[in-house]
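Proteins come first, then strands; the chains are lettered A, B, ... in the order of their sequence lines, and each starts at number 1. Model, not experiment: these values are computed from the prediction.
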Protein chains: 2
Amino acid sequence: MDEATLSQRILDAYDDLTRRERNLADLLLEDPDTLVLKSATDLSAQAGVSKATTARFFQRLGYPTYKTAQKIARSDEAGGAAPKLPARAAQRKAGRGDLAEHLANDVQNLVRSIEALRSDELARAIQSMAHAEKLWVVGFGDNYPLAHFARALLIRIKADVRMIPIGGFSVPEEFASIQPTDAMLALGIGRKTRSLRSIMRSAVHSGAQVIYLTDQASRGGPDVAHVTLRCRTRGISVYESVAAPVSLITYLCSALALKLGATAIDRLQFIENIHDEWGDLVPGDL
Amino acid sequence: MDEATLSQRILDAYDDLTRRERNLADLLLEDPDTLVLKSATDLSAQAGVSKATTARFFQRLGYPTYKTAQKIARSDEAGGAAPKLPARAAQRKAGRGDLAEHLANDVQNLVRSIEALRSDELARAIQSMAHAEKLWVVGFGDNYPLAHFARALLIRIKADVRMIPIGGFSVPEEFASIQPTDAMLALGIGRKTRSLRSIMRSAVHSGAQVIYLTDQASRGGPDVAHVTLRCRTRGISVYESVAAPVSLITYLCSALALKLGATAIDRLQFIENIHDEWGDLVPGDL
DNA sequence: CAATGAAATTTCAAAAATGCATCATTTATT
DNA sequence: AATAAATGATGCATTTTTGAAATTTCATTG
């Protein structure tokens with residue numbers, strides 16, 4: 001197996017590609033399956049490029065012909081399609097194509113996750129957050145950075161966004177302020193703690209709306225959450241991939257901003273002004 | 001002031017650029033000051049491109065001539081250096097295809113970011129981190145969650161990973177422990193603070209290796225960082241997209257884990273065991 | 001096993017891109 | 001102020017890129 005993978009080859013050759021070839025390259029990087037599934041003619045059409053260009057493209061990549069490339073891709077797909085043991089002692093040398101694999105994996109996680117989301121559930125989640133008086137963001141352990149991230153987005157458009165756990169404060173005392181008019185965004189990617197479960201249960205019990213963002217290995221259910229949103233988090237190497245959760249959180253927050261409308265925009269603007277007045281560095285400058 | 005900034009124009013036109021023009025584009029994105037400081041002839045030489053190409057490049061970008069572009073850049077630099085309103089009021093309606101758009105945007109950010117990364121720089125970054133005695137992760141403001149995230153990954157494979165800012169501790173006192181044998185991962189996505197710049201400068205000065213992870217609007221340079229890694233962060237709506245930075249951080253850390261080899265694996269395993277013993281995990285279960 | 005037809009490749013001429021050389025303008029020097 | 005030097009724009013010749021059409025390949029069928 002000295003043959004490089006498609007994505008690897010593309011990345012290696014990227015700087016030498018012409019404009020139209022780059023169209024093809026981007027398309028294939030975003031969805032490597034295209035090579036396996038589609039014909040060269042289709043691919044050309046999709047990229048808005050002539051068939052001639054497609055043929056030349058694959059030759060430049062080092063394949064003798066398109067068909068050859070497709071054949072190789074197919075056999076690869078069939079052969080060792082699942083090099084997927086996350087915790088396996090990684091044998092792969094930290095060479096170049098590693099990056100291509102990582103990219104392909106994250107793109108796939110992203111696409112598959114979003115595809116699988118049900119729009120009515122999303123709508124309900126956004127609705128809940130929009131109507132909530134207070135927002136709670138919960139993330140223990142590995143989810144703590146994610147929670148922090150989510151809160152950073154939310155606090156720009158909502159006035160009262162609380163985080164759990166926080167500082168070194170005792171969780172129950174903080175949590176006691178929860179009300180039926182509140183909504184909670186609970187993050188449960190990867191390892192879940194008992195505290196998470198407890199809090200979610202209590203929140204549901206208190207009458208607050210609970211949105212649970214988790215991975216595919218998780219149960220969910222009406223006793224812990226009103227809406228459960230699942231993301232793919234499969235990682236290639238030692239770590240899970242959080243590209244999909246992060247993207248989803250960002251989406252949720254911007255959808256929420258749009259729903260809130262003027263209120264949110266004003267708040268954003270206000271915050272912006274404060275930053276300016278305080279003389280934080282301008283964007284771009286270092 | 002309805003004129004877009006140079007970086008913005010480049011990004012907008014990026015797909016229409018030819019090969020040589022992209023050389024110029026990449027150069028200018030990495031260091032926008034070039035336009036202000038250098039002559040078109042120098043710029044051409046540096047990009048390995050003829051002067052004619054440079055002239056035409058600026059015309060394609062919408063400037064009448066190179067001189068005009070330079071003039072505008074200079075006045076921007078002097079005047080109110082912030083022509084870039086991050087909080088542009090989003091007019092788009094919260095329709096359905098929104099999600100698809102969001103996804104497409106994030107995927108593109110991901111792919112384009114990875115394409116643009118230079119593998120030798122990546123290698124250097126990983127090398128630095130691997131050899132470092134202590135690792136420092138720096139992230140102010142919006143970058144704080146990202147820093148937290150990075151640290152969460154790193155602490156599983158390296159014994160001494162410090163974060164700045166932390167808790168409510170005074171930064172200089174913490175930072176004082178830095179040594180020439182250390183490495184620093186500095187995060188500068190979006191708004192950069194003075195503190196960030198100061199810390200990076202001091203770190204470089206102290207002899208530590210500094211890796212700067214930022215967006216495309218940023219300058220970078222040897223006085224603040226040894227390696228600068230750029231990500232696309234364009235967002236569709238009110239927020240920037242951090243899919244690419246998150247993905248890159250994950251990649252860096254797993255590459256680092258691989259490079260460290262057994263040491264890292266052992267540590268991971270050890271942590272896993274502790275989690276098990278403490279019984280705080282309910283894998284999959286909630 | 002030839003005929004068939006869809007699909008991929010190659011050919012070739014048009015279009016685009018690029019660099020060289022030249023020209024116009026600005027800037028520096030005496 | 002006159003002249004030299006430098007810089008950027010532009011015309012033109014050459015090279016590269018590109019798509020339409022012709023040709024070839026290849027699997028399938030009669």
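When rounded to the nearest whole Å, the span between CG of B/Leu35 and P of D/dG8 equals 10 Å. Rounded to an integer number of Å, the gap from CD of B/Gln46 to C1' of D/dT7 is 17 Å. In this structure, A/Tyr63 atom OH and C/dT9 atom P are separated by 13 Å, rounded to whole Å. The CD-C1' distance, from A/Gln59 to D/dT24, rounds to 13 Å in whole Å. Residue B/Asp42 contributes atom CG, which lies 19 Å from atom P of D/dA5 at whole-angstrom precision. Taking atom NZ of B/Lys71 as the reference point, atom C1' of D/dT7 lies 13 Å away to the nearest angstrom. Regarding B/Leu43, its CG atom lies at a distance of 11 Å from the P atom of D/dA9, rounded to whole Å. Following rounding to the nearest Å, B/Arg60 (CZ) and C/dT18 (C1') show an atom-to-atom distance of 12 Å.
Contact annotation for A/Gln70: no contact, since no heavy-atom pair falls under 4.0 Å across all strands. Here A/Thr54 lies out of heavy-atom contact (under 4.0 Å) with every strand. Using a 4.0 Å heavy-atom distance criterion, B/Ala40 is classed as a sugar-phosphate-only contact.
Position along DNA chain D of the nearest nucleotide to A/Lys67 versus A/Gly48 favours A/Gly48 as the more 5'-ward residue.
When the side-chain hydrogen bond (donor to acceptor under 3.5 Å, both in side chains) test is applied to A/Thr54, the partners found at least two apart in sequence or on another chain are A/Ser44.
A salt bridge is defined here as a Lys NZ or Arg NE, NH1 or NH2 lying under 4.0 Å from an Asp or Glu carboxylate O, and B/Asp223 with B/Arg197 fails to meet this definition. Note on A/Asp15 versus B/Arg118: no salt bridge recorded, every NZ/NE/NH1/NH2 to OD/OE distance being 4.0 Å or above. A salt bridge links B/Arg112 and A/Asp26; the closest N-O separation between the charged side-chain nitrogens and carboxylate oxygens is under 4.0 Å.
When every heavy atom of B/Thr250 is checked against every heavy atom of A/Glu240, the shortest pair comes out as CG2-O, 3.9 Å. Listed here is the closest heavy atom pair of B/Tyr14 and B/Ala25: CE1-CB, 4.0 Å. The minimum heavy-atom distance linking B/Lys259 with B/Ala130 is given by the pair CD-CB, 3.8 Å.
Ring pair A/Tyr251/B/His102 is tilted by interplanar angle, where 30° to 60° counts as tilted. Aromatic ring pairs are classed by plane angle as parallel below 30°, tilted from 30° to 60° and perpendicular above 60°; the pair B/Tyr66 and B/Phe58 is perpendicular.
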Can you tabulate the close N/O pairs, meaning under 3.5 Å, that link protein atoms to atoms of nucleotides 20-22 of chain D?
none

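Nearest to the side-chain atoms of B/Ser39 among the listed nucleotides D/dT10, C/dG19, D/dT7 stands D/dT7. Closest contact between the side chain of A/Arg20 and the listed nucleotides D/dG19, C/dT10, D/dG8 involves D/dG19.
Contact check of residues 24-31 of chain A against DNA chain D (heavy atom, cut-off under 4.0 Å) returns no residues at all.
Within the 4.0 Å cut-off from OP1 or OP2 of D/dG8, at least one side-chain nitrogen or oxygen of B/Thr41 is found.
No side-chain heavy atom of A/Val242 sits less than 4.5 Å from a side-chain heavy atom of A/Phe149.
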